[in-house]
Novice: 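Structure incoming, see below.
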Number of protein chains: 2
Amino acid sequence: MSESNKYFISENNVPFKQEFQFGLSVDCVVFGYQEGQVRVLLIERNADPYKGSWALPGDLVSLNEDLEHAANSVLNKLTGLKDIFMEQFHTFGSVNRHPAGRVATVAYYSLVKSSNYHPVASAWASSIQWFDIRELPDLAFDHKVILEKGIRTLQRSVQYRPVGFELLPLKFTLSELQALYEALLGFKFDKPNFRKKILGMNLLTSLDEVQENVWHRPAKLYKFDEGRYRSLRDVGFTFDITLKSS
Amino acid sequence: MSESNKYFISENNVPFKQEFQFGLSVDCVVFGYQEGQVRVLLIERNADPYKGSWALPGDLVSLNEDLEHAANSVLNKLTGLKDIFMEQFHTFGSVNRHPAGRVATVAYYSLVKSSNYHPVASAWASSIQWFDIRELPDLAFDHKVILEKGIRTLQRSVQYRPVGFELLPLKFTLSELQALYEALLGFKFDKPNFRKKILGMNLLTSLDEVQENVWHRPAKLYKFDEGRYRSLRDVGFTFDITLKSS
DNA sequence: TCAAAAGTGTTCCGAATACACCCATGC
DNA sequence: GCATGGGTGTATTCGGAACACTTTTGA
């Protein structure tokens with residue numbers, strides 16, 4: 001196998017192996033949450049291949065660029081989003097996944113407070129839109145598979161990372177937090193028990209504010225105590241909110 | 001960025017972008033367990049770069065080969081191990097991680113019953129050896145970083161996959177199982193509680209055999225009930241043996 | 001009979017569960 | 001008042017933690 005490598009000569013006279021003809025790309029699964037829906041950010045491609053299709057924001061990595069940097073800059077280029085923390089979750093490298101040649105793609109996911117970010121289509125994205133993860137359009141390449149794996153990763157990450165606070169706006173009610181977990185995991189919790197458990201973690205700071213413009217008793221607003229989360233995490237705390245479904 | 005792509009012409013007149021000059025490789029972190037030690041399989045490289053260094057078994061992927069296939073065939077080529085289930089855990093793609101050019105590597109890990117497999121060095125592996133994960137030599141490339149991430153992945157996977165049964169021989173005692181978990185996680189369990197928990201899962205079948213050639217009361221031998229594991233897993237069961245350290 | 005490890009039983013405690021119930025607001 | 005969702009309290013159950021204890025073997 002490696003004994004039979006063909007060598008090619010590039011324009012600038014650098015020899016390289018046959019194997020050095022891979023493309024490498026990154027694809028970003030950006031999750032948001034609004035009105036009871038877990039959403040993902042997709043772009044409509046305005047370039048071949050798959051022109052006109054919906055796709056994950058992604059692009060080829062350039063030769064002198066680290067993967068994390070590529071993920072962030074691609075996302076910025078296509079959507080305007082900036083300084084998003086992204087976590088790698090899987091690499092997809094089937095032989096025929098890309099029509100232009102052998103391209104492996106490293107998939108990242110991230111969680112954003114969608115109220116804080118206002119994606120704007122640019123580069124070869126003709127439009128951009130949040131989609132409910134239960135109502136996805138057809139996707140370019142193997143992006144359906146990537147996205148599905150990303151969703152499973154998100155659901156699993158609930159156990160060791162405070163996804164609730166990453167997806168909700170700065171101020172939120174306990175019911176909103178509960179609704180988010182229910183949407184993520186697909187089942188319901190018992191309200192009193194959920195509240196007890198979440199408050200028992202001491203990760204929430206109660207604000208002296210309440211909801212406004214609601215036609216029922218207004219709920220208290222809370223915010224996430226990130227400092228406390230960090231110190232707990234460093235001691236080996238795992239954020240586990242797995243209550244029984246109700 | 002992508003607007004300024006240079007195109008190269010290969011020998012057989014196929015144009016390809018500058019970005020299509022990546023190398024892609026796979027590296028395998030093979031875990032075994034013996035005599036209280038969690039071990040990993042390393043090869044001594046008999047080829048440049050890093051000739052003479054210890055390294056993870058790995059190689060460039062060829063253009064017409066899927067990643068999973070590459071991982072298995074590379075491992076087979078270097079060590080003789082065959083049909084090992086491997087799971088991808090991370091891709092490493094720093095710009096300068098490989099001296100020969102831009103090579104991203106997809107890392108896989110697997111768990112083997114080391115008593116069943118007898119690795120034999122071949123290809124560019126001049127020797128091959130199990131190393132206790134607490135006493136690792138210097139490693140080629142960024143393999144130290146890869147291996148450390150692999151170890152963390154293994155420790156985390158304890159929670160959702162029956163690593164105990166994948167690493168131990170077919171027949172084992174409960175004390176052996178406990179010792180394995182203690183070695184993996186780095187702390188001790190209370191014996192009665194460990195036994196209760198593990199037996200309570202009904203994943204073990206008690207055999208009508210006992211240890212031999214021991215100078216104390218011989219322990220019963222058990223085997224893993226894989227069928228039962230599968231049916232439980234499909235119902236959403238997570239294998240969680242996290243007891244408090246003693 | 002002793003050492004060493006196998007193996008069992010029991011109490012205690014805290015956290016999850018399954019509820020019932022009260023509270024504040026707009027209409 | 002009443003509908004609606006916010007918010008609280010409590011008895012019960014279950015499983016983990018702690019620890020004492022018995023059993024079986026070889027030497």
Side-chain angles (χ1 to χ4, degrees), chain A residues 35-36 158-159 164 168-169 171-183 185 187-223 232 236-246, chain B residues 35-36 158-159 164 168-169 171-183 185 187-223 232 236-246:
Chain A
E35 293 158 27
V158 164
Q159 287 176 17
L168 288 175
K171 303 172 182 181
F172 52 87
T173 72
L174 292 182
S175 291
E176 284 167 355
L177 185 61
Q178 180 174 348
L180 167 58
Y181 274 99
E182 291 174 348
L185 298 174
F187 51 78
K188 305 263 182 209
F189 296 116
D190 177 79
K191 185 174 53 158
N193 295 335
F194 181 86
R195 298 170 69 92
K196 251 177 290 181
K197 177 139 190 188
I198 206 87
L199 289 174
M201 292 179 178
N202 284 322
L203 288 171
L204 295 189
T205 307
S206 166
L207 300 170
D208 287 330
E209 292 179 68
V210 293
Q211 277 183 315
E212 281 173 18
N213 302 319
V214 288
W215 46 282
H216 59 302
R217 173 175 175 179
K220 258 197 230 172
L221 292 173
Y222 291 84
K223 73 180 176 68
L232 279 177
F237 170 85
T238 64
F239 189 89
D240 180 7
I241 207 171
T242 317
L243 291 168
K244 199 179 175 186
S245 63
S246 79
Chain B
E35 293 156 27
V158 165
Q159 288 176 18
L168 288 175
K171 303 172 181 181
F172 53 86
T173 71
L174 291 182
S175 292
E176 284 166 356
L177 185 61
Q178 181 174 348
L180 167 58
Y181 273 99
E182 291 174 346
L185 297 173
F187 51 77
K188 304 261 182 211
F189 295 116
D190 176 80
K191 184 175 53 157
N193 293 336
F194 181 86
R195 298 169 68 90
K196 251 175 292 179
K197 177 140 189 187
I198 205 87
L199 289 175
M201 292 180 179
N202 285 323
L203 288 171
L204 296 189
T205 307
S206 166
L207 299 171
D208 287 330
E209 294 179 66
V210 293
Q211 276 182 314
E212 281 172 19
N213 302 318
V214 287
W215 47 282
H216 59 274
R217 174 176 175 177
K220 256 196 231 169
L221 292 174
Y222 291 83
K223 73 180 176 67
L232 278 177
F237 171 85
T238 64
F239 188 89
D240 180 6
I241 206 173
T242 316
L243 291 167
K244 199 179 175 185
S245 63
S246 79

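Residue numbers begin at 1 in each chain, while the letters A, B, ... track the order of the sequences.
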Novice: In a table with atom names and distances, give each donor-acceptor pair under 3.5 Å that connects a side chain of residues 199-211 of chain A to protein atoms at least two apart or in another chain.
Specialist:
unit_1, atom_1, unit_2, atom_2, d
A/E209, OE1, A/K171, NZ, 3.2
A/E209, OE2, A/K171, NZ, 2.9
A/Q211, OE1, A/A219, N, 3.0

Novice: All N/O contacts under 3.5 Å from nucleotides 25-27 of chain C to the protein, with atom names and distances to one decimal?
Specialist:
unit_1, atom_1, unit_2, atom_2, d
C/dG26, O4', A/W215, O, 3.3

Novice: I need the full list of side chain to side chain donor-acceptor pair (under 3.5 Å) pairs touching residues 213-223 of chain A, with sequence neighbours left out, sorted by first then second residue.
Specialist: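 Every pair satisfying side chain to side chain donor-acceptor pair (under 3.5 Å) with a residue in residues 213-223 of chain A: there are none.
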Novice: Check the distance between D/dG5's P and A/Q178's CD and give it to me in whole angstrom.
Specialist: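 Between P of D/dG5 and CD of A/Q178: 13 Å.
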Novice: Take the C1' atoms of the five end pairs on each side of the helix from C/dT1-D/dA27 to C/dC27-D/dG1, derive the two axes, and give their angle rounded to 10 degrees.
Specialist: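 The end axes of the helix from C/dT1-D/dA27 to C/dC27-D/dG1 are about 10° apart, to the nearest 10°.
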Novice: Would you please name every residue forming a side chain to side chain contact (heavy atoms under 4.5 Å, CB included) with A/A179, sequence neighbours left out?
Specialist: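 Per chain and number, A/A179 pairs via side chain to side chain contact (heavy atoms under 4.5 Å, CB included) with A/Y33.
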Novice: First locate atom CZ of B/R195, then atom CG of B/L177, and finally report the distance between them rounded to the nearest 0.5 Å.
Specialist: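 Between atom CZ of B/R195 and atom CG of B/L177 there are 10.5 Å.
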Novice: If a protein heavy atom is under 4.0 Å from the base, mark B; if only from the sugar-phosphate, S; if neither, -; do that for nucleotides 8-15 of chain C going 5' to 3'.
Specialist: BBB-----
Novice: Find the distance B/F187:CZ to D/dA17:P and express it as a whole number of Å.
Specialist: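 Taking CZ of B/F187 and P of D/dA17, I get 10 Å after rounding.
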Novice: Distance from B/L221 atom CG to B/E176 atom CD, nearest 0.5 Å?
Specialist: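 Output value for this atom pair is 7.5 Å.
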Novice: Once you round it to whole Å, what is the distance between P of D/dG15 and CE of B/M201?
Specialist: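 Atom-to-atom, B/M201 to D/dG15, this comes out as 12 Å.
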Novice: Without decimals, in angstroms, what is the distance between A/I198 CD1 and C/dA16 P?
Specialist: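 Distance, rounded to whole Å: 11 Å.
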Novice: What pair of heavy atoms forms the shortest contact from A/G36 to A/A183, and how long is it?
Specialist: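 Shortest heavy-atom contact: O-CB, 3.7 Å.
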Novice: Tell me the interatomic distance from A/L177, atom CG, to D/dG7, atom P, rounded to whole angstroms.
Specialist: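 It works out to 13 Å between those atoms.
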Novice: To the nearest Å, how far apart are A/F189 CZ and C/dA18 C1'?
Specialist: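 My rounded result for the distance is 16 Å.
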Novice: Below the 4.0 Å mark, does D/dG6 have OP1 or OP2 next to a side-chain nitrogen or oxygen of A/S175?
Specialist: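 Yes, such a contact exists.
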Novice: Can you tell me how far the CG atom of A/D190 sits from the NZ atom of A/K197, to the nearest 0.5 Å?
Specialist: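 Result: 13.0 Å between the selected atoms.
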Novice: Where do A/V158 and A/Y181 come nearest, in terms of heavy atoms and distance?
Specialist: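 Looks like CG1-CE2, 3.5 Å.
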Novice: For the pair made of NZ in A/K188 and C1' in D/dG5, what is the distance, rounded to whole Å?
Specialist: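 Roughly 14 Å, once rounded to whole Å.
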Novice: I need the B/F189 CZ to B/I198 CD1 distance, nearest 0.5 Å.
Specialist: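 Atom-to-atom, B/F189:CZ and B/I198:CD1 are 9.0 Å apart.
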Novice: Distance check needed: D/dG7 P versus A/F194 CZ, whole Å only.
Specialist: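 One finds 13 Å between P of D/dG7 and CZ of A/F194, rounded.
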Novice: Mind checking the CG-CD spacing from A/L185 to A/Q159? Nearest 0.5 Å is all I need.
Specialist: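 Answer rounded to 0.5 Å: 8.5 Å.
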